[in-house]
Enquirer: 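A single structure is presented below for examination.
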Number of protein chains: 2
Amino acid sequence: MKDEFICEENCPHMATVQKVKLEDMTRSSQKQLAEMFKLFSDETRLRIICSLLNTELCVCDLCALLELTQSNVSHQLQLLRNSKLVKYRKEGKQVYYSLEDEHVESIIKMALAHILEEKMK
Amino acid sequence: MKDEFICEENCPHMATVQKVKLEDMTRSSQKQLAEMFKLFSDETRLRIICSLLNTELCVCDLCALLELTQSNVSHQLQLLRNSKLVKYRKEGKQVYYSLEDEHVESIIKMALAHILEEKMK
DNA sequence: TCCTCACATGATTATTTGTTCATATATTCA
DNA sequence: TGAATATATGAACAAATAATCATGTGAGGA
């Protein structure tokens with residue numbers, strides 16, 4: 001009873017996850033997957049992604065928050081934009097970035113759970 | 001009713017996932033996360049991981065199945081071993097590899113769900 | 001119109017990474 | 001013991017990548 005709620009709440013798109021049959025994975029979907037994981041595999045990029053988990057931020061917010069150069073942040077955001085992982089919204093001179101969808105959160109949570117359990121061993 | 005079962009069945013370690021608070025993520029756990037994603041970010045390594053999703057395999061099985069050189073496979077397995085993502089078991093001359101835990105499957109499923117939904121747009 | 005601010009982008013460089021080749025180790029079998 | 005097989009590993013190299021520097025673009029204010 002409680003479980004259903006928790007599941008819905010914290011693990012969105014479960015419906016799609018149910019449909020996923022890992023046995024049917026094609027070579028090309030593996031390639032896509034690898035490309036996606038590559039975006040998460042750089043610490044700087046991951047920090048940017050994590051900063052956007054709760055809120056949208058403009059480029060200079062990210063620079064200040066993460067102590068990175070503007071050029072560096074913009075380059076990383078370009079990669080994330082190209083892969084449709086983040087979206088943006090212009091407002092005057094500023095550009096506000098936010099995450100494209102909630103999968104990102106789910107994926108990070110799942111991976112973090114792995115690390116947590118690993119530690120407890 | 002059905003939902004609970006499906007959730008338990010396909011998304012193990014939900015209990016840990018519930019505990020994960022993304023806001024509390026430290027710099028060092030972000031680094032660990034990035035390192036983990038890096039292992040999934042190479043197509044060859046991901047193919048090896050995917051091959052091990054259902055069954056354990058020895059090195060030469062992997063070479064044959066994925067059409068890779070033995071040296072290449074062994075090097076990649078070394079990385080996966082060092083990060084405790086796979087475990088192994090020696091039997092005579094052969095060494096059988098398998099996945100260390102079920103998070104791997106959950107993470108891949110979640111990421112695949114993202115790609116699937118992306119396509120449907 | 002000119003200046004400033006926020007951001008994007010091209011070029012360059014240092015570093016990391018994936019693969020290959022050559023060789024080492026360890027187990028089985030004759 | 002010696003040969004054959006399965007796997008591991010070190011060195012070398014090419015390719016990919018992240019960060020930096022310099023510069024470009026475009027909006028807003030004086």
Side-chain angles (χ1 to χ4, degrees), chain A residues 27 30-52 55-100, chain B residues 27 30-52 55-100:
Chain A
R27 183 77 183 269
Q30 287 174 334
K31 191 170 185 175
Q32 276 184 79
L33 259 192
E35 275 163 17
M36 176 169 183
F37 284 128
K38 194 160 289 179
L39 291 167
F40 290 83
S41 75
D42 174 70
E43 198 190 344
T44 301
R45 247 175 349 246
L46 191 61
R47 288 176 73 210
I48 292 175
I49 293 170
C50 289
S51 304
L52 296 175
T55 173
E56 67 171 7
L57 290 171
C58 68
V59 179
C60 66
D61 286 341
L62 284 167
C63 294
L65 188 64
L66 305 176
E67 302 184 83
L68 297 168
T69 65
Q70 179 266 315
S71 178
N72 193 357
V73 171
S74 279
H75 277 295
Q76 304 303 342
L77 285 171
Q78 187 181 40
L79 294 174
L80 297 174
R81 245 187 298 132
N82 290 344
S83 306
K84 303 270 163 54
L85 232 60
V86 300
K87 55 184 182 233
Y88 62 98
R89 170 177 80 79
K90 297 192 182 185
E91 187 178 316
K93 279 182 290 187
Q94 265 118 332
V95 181
Y96 287 89
Y97 282 84
S98 56
L99 295 182
E100 182 71 57
Chain B
R27 182 77 183 269
Q30 286 174 335
K31 192 171 183 172
Q32 276 183 76
L33 260 192
E35 275 163 18
M36 178 171 181
F37 284 128
K38 194 159 286 179
L39 291 167
F40 289 84
S41 75
D42 174 70
E43 197 190 344
T44 302
R45 250 179 341 252
L46 191 62
R47 288 175 74 209
I48 291 176
I49 292 170
C50 290
S51 304
L52 296 175
T55 173
E56 67 171 7
L57 291 171
C58 68
V59 179
C60 66
D61 286 342
L62 285 167
C63 295
L65 188 63
L66 305 176
E67 301 185 85
L68 297 168
T69 65
Q70 178 268 314
S71 178
N72 193 357
V73 171
S74 278
H75 277 296
Q76 305 303 344
L77 285 171
Q78 188 182 40
L79 295 174
L80 296 174
R81 246 187 298 134
N82 290 344
S83 306
K84 303 272 164 54
L85 232 61
V86 301
K87 55 185 183 235
Y88 62 97
R89 169 178 80 78
K90 299 193 184 186
E91 188 177 316
K93 279 182 290 186
Q94 267 117 332
V95 180
Y96 287 89
Y97 282 85
S98 56
L99 295 181
E100 182 71 56

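Hydrogens, waters and symmetry mates play no part in the numbers below; they use all other heavy atoms, side chains included. In what follows, chains are A, B, ... by sequence order, proteins preceding strands, each numbered from 1.
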Enquirer: Check the distance between D:dA11's C1' and B:Gln78's CD and give it to me in whole angstrom.
Expert: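 B:Gln78 atom CD is separated from D:dA11 atom C1' by 14 Å.
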Enquirer: D:dT7 C1' sits how many Å from B:Ile48 CD1, rounded?
Expert: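 Taking CD1 of B:Ile48 and C1' of D:dT7, I get 14 Å after rounding.
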Enquirer: With a strict under 4.0 Å distance from non-hydrogen atoms of chain B, what nucleotide opens and what nucleotide closes the contacted stretch of DNA chain C, reading 5' to 3'?
Expert: C:dT17 to C:dT28
Enquirer: Who are the side-chain contact (heavy atoms from CB on, under 4.5 Å) partners of A:Lys31, not counting sequence neighbours?
Expert: A:Glu35, B:Glu43
Enquirer: Between CG of A:Asn72 and CD of A:Glu67, what distance do you get to the nearest 0.5 Å?
Expert: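 Reported to 0.5 Å precision, the distance equals 13.0 Å.
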Enquirer: Starting at CG of A:Leu46, measure out to OG of A:Ser51 and round the result to the nearest 0.5 Å.
Expert: 9.5 Å
Enquirer: Please give me every residue in residues 35-44 of chain A whose heavy atoms get under 4.0 Å of an atom in DNA chain C, ordered by residue number.
Expert: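 Within this stretch, nothing sits under 4.0 Å of the strand.
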Enquirer: Suppose the criterion is side-chain hydrogen bond (donor to acceptor under 3.5 Å, both in side chains): which pairs have a residue in residues 89-98 of chain A, not counting sequence neighbours?
Expert: A:Glu56-A:Arg89, A:Arg81-A:Tyr97, A:Arg89-A:Glu91
Enquirer: For A:Lys84, is the NZ atom crowded, meaning more than 12 foreign heavy atoms sit under 6.0 Å from it?
Expert: no
Enquirer: Can you pull every protein N or O that's under 3.5 Å from an N or O on nucleotides 1-6 of chain D?
Expert:
none

Enquirer: Below 4.0 angstrom from OP1 or OP2 of D:dT9, is there any side-chain N or O of B:Arg81?
Expert: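 Looking at the OP1 and OP2 atoms of D:dT9, one of them is under 4.0 Å from a side-chain N or O of B:Arg81.
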Enquirer: Using 0.5 Å steps for rounding, measure from the CG atom of A:Leu52 to the CD atom of A:Glu100.
Expert: 12.0 Å
Enquirer: Using the test side-chain contact (heavy atoms from CB on, under 4.5 Å), find all partners of A:Ser83 that sit at least two apart in sequence or belong to another chain.
Expert: A:Leu39
Enquirer: For A:Gln30, enumerate each residue passing the side chain to side chain donor-acceptor pair (under 3.5 Å) test, keeping only those at least two apart in sequence or located in another chain.
Expert: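 Applying side chain to side chain donor-acceptor pair (under 3.5 Å) to A:Gln30 gives none.
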Enquirer: Which residue pairs pass the ring-ring contact (aromatic ring centres under 6.0 Å, His included) test with at least one member in residues 57-76 of chain A, sequence neighbours excluded?
Expert: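 Output for this query is empty, none listed.
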Enquirer: Does any residue of residues 68-76 of chain B have a heavy atom under 4.0 Å from DNA chain D, and if so, which ones, in number order?
Expert: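 DNA chain D contact set from residues 68-76 of chain B: B:Gln70, B:Ser71, B:Ser74, B:His75.
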Enquirer: Who are the side chain to side chain donor-acceptor pair (under 3.5 Å) partners of A:Arg45, not counting sequence neighbours?
Expert: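 A:Gln76.
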Enquirer: Going from CD1 on B:Ile49 to CG on B:Asp42, what distance comes out if it is rounded to the nearest 0.5 angstrom?
Expert: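 Answer rounded to 0.5 Å: 9.0 Å.
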Enquirer: With B:Gln32, which residues qualify under side chain to side chain donor-acceptor pair (under 3.5 Å), at least two apart?
Expert: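 B:Gln32 satisfies side chain to side chain donor-acceptor pair (under 3.5 Å) with no residue once adjacent residues are dropped.
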Enquirer: So A:Tyr97, base contact, sugar-phosphate only, or nothing? Heavy-atom distance under 4.0 Å.
Expert: sugar-phosphate
Enquirer: According to side chain to side chain donor-acceptor pair (under 3.5 Å), who are the partners of A:Gln70, at least two apart in sequence or on a separate chain?
Expert: A:Ser74
